[in-house]
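Predicted model only: the values in this text are computed from it and were never measured. Every number for a ligand or one of its atoms is a count from 1 in the order of the listing.
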Amino acid sequence: MEKIEDNVEDIDEKISPKEYPLLFSFKYILDFYFGDISLETILTLSANSEKGFTNQTAIDVAHEVGLYAVYKDISALNIPKHFLPCIIFDKENKPFILTNKAKEASLLDISTNETITIDSSKLKEYKKAILIFRDKNKSELIDSTKTGNWFWQPVKSFWRSYIEIGILTLFINIFALAVPLFTMSVYDRVVPNNAIETLFVLASGVVIILIFDVYFKSVRNHIIENVGKKLGVYLEEELMKRMLTLKSQYDTLLVGSKANLFKELNQIRDFFATKSVLQVIDLPFFFIAIIVIFLISPAVAAVPFTIAILILIFNVIMQIPISNLSKKNVQNTQAKHSYLVETIQGSEIIKLSNATSTKLFNWRNIVAVTDSISQKIQSLNVFSMNLSQTVIQFVTMLVIVVGVFEIANKNLTIGGLIAVTILSSRAMVPVIQTSMMVIRFKEVKESLNNINEFWHLPVENEKNLEVGVGELKGDIEFKDISFYYKDSKYASIDEFNLTIKAGDRVGIIGQTGAGKSTFLRMLTGLEAPTKGSIYLDGHEISTMHPVELRQNIGVMPQEPFLFSGTLKENIELSHPISKERMMQLIKIIGLEELVKKSGQGDGLQVGERGSNLSVGQRHLVALARAILNNPPILVLDEPTTGLDVGLEKSLVNHVNKIAQDKTLIVITHRFAALEMVDRVIVLNNGKIVADGPKDKILNALSQKKI
Ligand SMILES: Nc1ncnc2c1ncn2[C@@H]1O[C@H](COP(=O)(O)OP(=O)(O)OP(=O)(O)O)[C@@H](O)[C@H]1O
């Protein structure tokens, strides 16, 4: 609790961050959102507080200035990155500002103005936090529990298979005793007595066991592969679904990093459900073998047992370097992947800008760093592998040495020695395999954490909204809307009030960066307003199912994205349509000529990202998509980009016909496109600066009255 003098004048000279770390930490966060905020302002706003500047004061002041704030018992480790910067408290309740959180976390101690860097895992020692944020919707992120349930729940659903695998494994492990015990009996009983009949009986028994062994192993393998396959299909589909429905404001990962998540998911699945399981699953054999060795000779059993414990200790020690390396490796691989994807995507620009050598230089550095880390991990793996082979040989040697003494003491027979030698070297195999898996587990755990974080980001329609709005008329209302992009100090849409009646034909114009596209993103539910509400026919957008929302709004975006495939596939993205309707659409949008010339009809291949089509033609395909469902609201963002005068005219004519009974919104810089509308709204810096009949607004614009 920080008590501050009543008089707020010349406050800067009287108080210092050393005395009032919470107040200054809070100021740091306000500066982050608003630029430089004076202490006087903060203290004036908190003047009601008699107890000085407390956590509650910080929360109250945050509310006063239009932010949301919560004081929470939450481990700093679990604070989602979307809440940074935030204030966290150590055990002594000293505040720090958490500014960055990746493999390492940066904490700013405002009292000394020093930033300390700690390993992220140490964040769990900070158990309280004040989270301050602008977007109310973010509060849904706070309590999204970060468990690995998304992975373990489906894994658990295969419990029947695991029981089957367990039973089969038990038998397989018992079968593994057959050959050593057979050998012992032969040496101890058959050879001294020349009991050939017994030999054949024993040998036949072993053959039968070996046949069962092969059969059981293949069945077990089949079950494990099946579980892996089903788990893979489920998890990959679920991850893709989350990527496609992730709320835009949380969609901050680079494309390459996202793609890398699939690779990591596969590694996790392989580790827990397929290849690695097969290696670890025979671990019970170690215990069975030790018991059998113990029954033959307790002294010999001590050898593999002690060595196994030594391996365990070795593993625990190795965890520290491996853990650090794994963390770095996962993060660097992700960064490398992102750089790779981005560079490939921008290869043409790189050529045109003569940036090849710069990009190559960066690439060389990234590869060098990533390779050096994976090389170190590789070296540790190879070292462990070599050590394991030596350990097995060492155990065999030691067992024989101890065995010889045991024979001398008449505690062991020759046959017994051979049996325990075979058994102990085989018993070590699953132990060593498991210890190697532990090394890999660290890496897999990092991947698991990575995906875990992504998995818990909010997706659209998380509240499972019901459908039922049906087809709308097309009334649109923006009520007191403000919108800030993540971490932006400025509102891209500011105190926006707008009503568009069903059937209105509205043009939205404004300078570059005025907020036109942001308006469109909010209308289509891609971004949720930071403040205010948007209504369609009186239904608040956030209560509408996203599918229904987008069925009612056809959008022709500013930058159309075409998928490699045919023209037909690109137009009927959401659902297949009849041949007649397809030809009708192609005619409406003005691509009839192109389709005829191609000789492939609507099977024309558009190329990667539509590279076989011109920019204008790509826009026309986007128009076809927008009108495919005949939606009551049609939004065209820069519809005439890349079109020649003829096509521009024909597009305007067609849209005029199509949009006769629709609400039409045309966002544009070009006057030609305004022919489709009769009302014009002018935006500037996220605000509506003019709204009225087209002629009046255009007149005012030409006379520079707006
Ligand atoms: N993802 C983003 N993150 C942060 N700021 C953004 C983001 N997208 C846009 N902005 C900012 O929001 C403001 C409005 O951008 P918007 O794209 O809506 O403008 P616009 O009117 O559509 O511009 P243009 O005519 O160039 O398409 C701009 O200042 C822009 O810098």
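Atom CD of Gln703 sits in a crowded spot, with more than 12 heavy atoms from other residues, nucleotides or ligands closer than 6.0 Å. Summarising the local packing, CD of Glu236 is surrounded by more than 12 heavy atoms from other residues, nucleotides or ligands at distances under 6.0 Å.
Under the ring-ring contact (aromatic ring centres under 6.0 Å, His included) criterion, Phe671 pairs with no residue at all, not counting sequence neighbours. In this structure, Asn612 has no side-chain hydrogen bond (donor to acceptor under 3.5 Å, both in side chains) partners at least two apart in sequence or on a different chain.
The nearest heavy-atom contact from the protein to atom 12 (O) of ligand 1 is Ser492 OG, 2.7 Å. For atom 26 (O) of ligand 1, the nearest protein heavy atom (residue, atom name, distance) is Thr512 CG2, 3.1 Å. Protein heavy atom nearest atom 25 (O) of ligand 1, with residue, atom name and distance: Lys516 NZ, 2.8 Å. Looking only at heavy atoms of the protein, atom 27 (O) of ligand 1 is closest to Gln558 NE2, 3.4 Å.
Of the listed residues (Gln558, His669, Lys516), just one forms a side-chain hydrogen bond (donor to acceptor under 3.5 Å, both in side chains) with Glu638, and that residue is His669. Here the rule is side chain to side chain contact (heavy atoms under 4.5 Å, CB included) with Leu520, and of Leu526, Ile665, Ile667 only Ile667 fits it.
Taking all heavy atoms of Ser517, Gly510, Gly686 into account, the minimum distance to atom 22 (O) of ligand 1 is reached by Ser517. When the heavy-atom distances from atom 4 (C) of ligand 1 to Phe483, Phe519, Tyr485 are ranked, the shortest goes to Tyr485.
By the 4.0 Å N-to-carboxylate-O rule, Asp251 lies too far from Lys247 to be salt-bridged with it.
When heavy-atom distances to ligand 1 are checked against a 4.0 Å cut-off, His669 comes that close only through its side chain, counted from C-beta outward. Residue Ser488 does not touch ligand 1, judged by heavy-atom distances below 4.0 Å. Within the 4.0 Å heavy-atom criterion, neither part of Glu638 lies near ligand 1.
Put simply, atom 29 (O) of ligand 1 has protein non-hydrogen atoms near it, under 4.0 Å away.
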- Using the side chain to side chain donor-acceptor pair (under 3.5 Å) rule, take Lys81 and Asn100 through it: C-alpha gap first, then chi angles, then the decisive distance, then the call. CA-CA 8 Å; Lys81 284 188 196 128; Asn100 187 22; over 6 Å; no

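Inclusion of Gly513 in the set of residues having an N or O under 3.5 Å from an N or O of ligand 1 is warranted.
Less than 4.0 angstrom separates some heavy atom of Thr518 from each of these atoms of ligand 1: 14 (C), 15 (O), 16 (P), 18 (O).
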